[in-house]
Amino acid sequence: MTLPATPAATAGQPSWAGEFLLLSALWGASFLFMRLGAAEFGPLPTAGLRVALATLFLWPLLVQRGEWPALRRHWRPVLLAGLVNSAIPFALFAWAVMHIATGLTSILNATVPLFGALVAWAWLGDRIGRLRWLGLGLGFLGVALLAWRAPAGAGVQGGHTGWAIAACLLASTCYAVAASYARRHLAGIPPLASATGSLLGAALGLALPTLLFWPAQMPGPRAWAAIVAIAVLCTGIAYILYFRLIAHAGPSRALAVTFLAPAFAVAYGAAFLGETVTPWMLGCGAVIVCGTMLSTGLVGPRGARAR
């Protein structure tokens with residue numbers, strides 16, 4: 001969520017497309033790792049360990065690149081951003097994956113670009129062209145159609161499905177608000193400083209809940225491996241990519257990663273958790289990908305690629 005918002009940044013260049021795809025794959029995997037970790041750690045310790053380990057992973061890089069002074073100068077807005085963009089949504093999603101399938105959780109997370117575009121339009125005055133509106137609408141339609149049949153065919157577990165869906169939507173709203181908050185209040189802060197500082201803020205916010213809800217029995221190696229993976233790959237590295245995308249492509253396009261991440265999450269859930277994949281889910285996934293490409297300007301007239 002950073003932004004050296006260089007006006008002529010890569011909005012008209014394809015250089016951010018590879019980061020967009022990689023971030024989608026990493027965030028798609030996060031739901032799998034959350035399920036594996038939360039099954040033994042519980043939701044709050046899973047979220048707390050995720051941000052704490054990710055902070056430890058990024059801190060040496062921050063110091064090595066000399067970006068610590070930037071974080072020290074802007075620590076208040078950066079730490080606050082971490083509560084909204086990391087602590088709250090991570091805890092909500094870690095609880096949700098205990099009650100609904102990881103594929104469905106990622107599908108609900110794909111509502112973020114819709115909320116994000118509206119927040120950026122209302123708060124930041126972002127202009128959204130007709131083609132991008134069409135892409136957002138198409139992506140949301142794919143999400144809605146997939147969610148419509150997902151509960152019956154995606155292996156939903158537990159008796160709190162409604163609350164889990166509500167938790168996912170609340171978490172997605174947090175992401176949308178945090179992206180525009182970063183654009184407004186973190187402009188000019190290096191991406192690594194924003195990523196590390198926001199994770200530190202989340203770690204501080206979740207420290208006490210993590211200790212209070214620590215499991216009575218020490219989790220096994222698989223749960224620890226899942227926590228390390230989600231901390232390093234899906235959080236530490238992914239946050240650098242995410243903040244770079246906000247800086248270079250704008251918050252709406254960065255949030256559109258959540259349109260593509262479900263395709264990866266559904267595949268991971270089927271491969272590693274035995275979650276069902278149907279032709280309906282694959283068809284809706286294709287609709288989501290098309291909507292993503294339109295809403296982010298990956299396809300379409302050059303003039304439509306405005307932020």
Side-chain angles (χ1 to χ4, degrees), residues 1-2 18-65 67-68 71 78-79 81-83 85-94 97 102 105-106 109 171 175 178 190-207 209-210 214-215 218-246 254 257-258 260-261 264-265 267-269 271-273:
M1 213 187 326
T2 41
E19 295 179 349
F20 182 93
L21 184 63
L22 177 58
L23 182 57
S24 299
L26 289 175
W27 274 355
S30 68
F31 298 96
L32 168 66
F33 294 134
M34 271 192 287
R35 165 70 69 82
L36 296 176
E40 297 188 41
F41 280 98
L44 287 172
T46 295
L49 284 173
R50 175 181 182 177
V51 293
L53 293 178
T55 302
L56 292 177
F57 170 76
L58 291 178
W59 198 266
L61 297 177
L62 177 77
V63 175
Q64 182 183 18
R65 296 187 183 183
E67 296 184 9
W68 159 245
L71 175 57
V78 173
L79 293 185
L83 295 177
N85 193 65
S86 303
I88 297 173
F90 286 179
L92 289 170
F93 276 125
V97 294
T102 59
T105 305
S106 67
N109 187 43
Y175 286 144
L192 184 57
S194 289
T196 307
S198 66
L199 288 170
L200 175 60
L204 294 174
L206 289 171
T210 297
W214 191 261
M218 181 59 66
R222 188 177 75 163
W224 276 106
I227 294 295
V228 172
I230 197 174
V232 175
L233 299 177
C234 306
T235 308
I237 294 175
Y239 262 43
I240 297 176
L241 296 174
Y242 175 57
F243 293 149
R244 284 171 55 88
L245 278 174
I246 292 180
V257 166
T258 55
L260 190 54
F264 289 97
Y268 298 146
F272 300 105
L273 298 175

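Note that these values count all heavy atoms, side chains included, but never hydrogens, waters or copies made by symmetry.
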- request: State, with a plain yes or no, whether a side-chain heavy atom of Tyr242 is found less than 4.5 Å away from one of Leu23.
  value: yes
- prompt: Can you name the closest pair of heavy atoms from Ala203 and Thr55 and give their distance?
  reply: CB-OG1, 4.3 Å
task: List the steps and the verdict of side-chain contact (heavy atoms from CB on, under 4.5 Å) for Leu53 and Val232.
output: CA-CA 7 Å; Leu53 293 178; Val232 175; 5.9 Å; no
- request: Classify the angle between the aromatic ring planes of Trp27 and Tyr175 as parallel (below 30°), tilted (30 to 60°) or perpendicular (above 60°).
  value: parallel
task: Quick one: pull up CZ in Phe41 and CE in Met218 and give me the separation to the nearest 0.5 Å.
output: 7.0 Å
query: Should Phe93 and Thr105 be marked as a side-chain contact (heavy atoms from CB on, under 4.5 Å) after you check the CA-CA gap, both sets of side-chain angles, and the distance that decides it?
result: CA-CA 8 Å; Phe93 276 125; Thr105 305; 3.4 Å; yes
- prompt: What closest approach, in Å, do Ala265 and Phe31 show between heavy atoms, and which atom pair accounts for it?
  reply: CB-CD1, 4.2 Å
- request: Might you point out which heavy atoms bring Leu26 and Ile237 nearest each other, and give the distance in Å?
  value: CD1-CG2, 4.2 Å
statement: dist Leu199:CG -> Ser194:OG (nearest 0.5 Å) comes out at 10.5 Å
Donor-acceptor under 3.5 Å (Thr235 side chain, Ile230 main chain): yes
- prompt: Do Trp214 and Leu49 pass the side-chain contact (heavy atoms from CB on, under 4.5 Å) test, and can you show the C-alpha distance, the side-chain angles, and the key distance before you say yes or no?
  reply: CA-CA 10 Å; Trp214 191 261; Leu49 284 173; 3.8 Å; yes
Spacing of OG1 belonging to Thr102 relative to CZ belonging to Arg35, to within rounding of 0.5 Å: 6.0 Å
- prompt: Looking at Ala94 and Met34, what are the two nearest heavy atoms and their distance?
  reply: N-SD, 3.7 Å
statement: The reported gap from CG in Leu56 to CG in Leu200 (rounded to nearest 0.5 angstrom) is 9.5 Å
task: Measure across Tyr268 and Ala25 and return the closest heavy-atom pair with its distance rounded to 0.1 Å.
output: OH-O, 3.3 Å
Leu192 side, atom CG; Trp68 side, atom CH2 - distance, nearest 0.5 Å: 12.5 Å
task: For the pair Glu19 (side chain) and Leu245 (backbone), establish whether a donor and an acceptor sit closer than 3.5 Å, ignoring hydrogens and angles.
output: no
- request: Look only at the side chain of Ser86 and the backbone of Leu83, and say whether a donor-acceptor pair between them is shorter than 3.5 Å.
  value: no
task: Provide the closest heavy-atom pair for Cys234 versus Arg50 in the form atom of the first, atom of the second, distance.
output: O-NH2, 3.6 Å
message: Please evaluate residues Phe264 and Leu32 with respect to the criterion side-chain contact (heavy atoms from CB on, under 4.5 Å), reporting the C-alpha separation (whole Å), side-chain torsions for both, the decisive distance (0.1 Å), and the verdict.
response: CA-CA 10 Å; Phe264 289 97; Leu32 168 66; over 6 Å; no
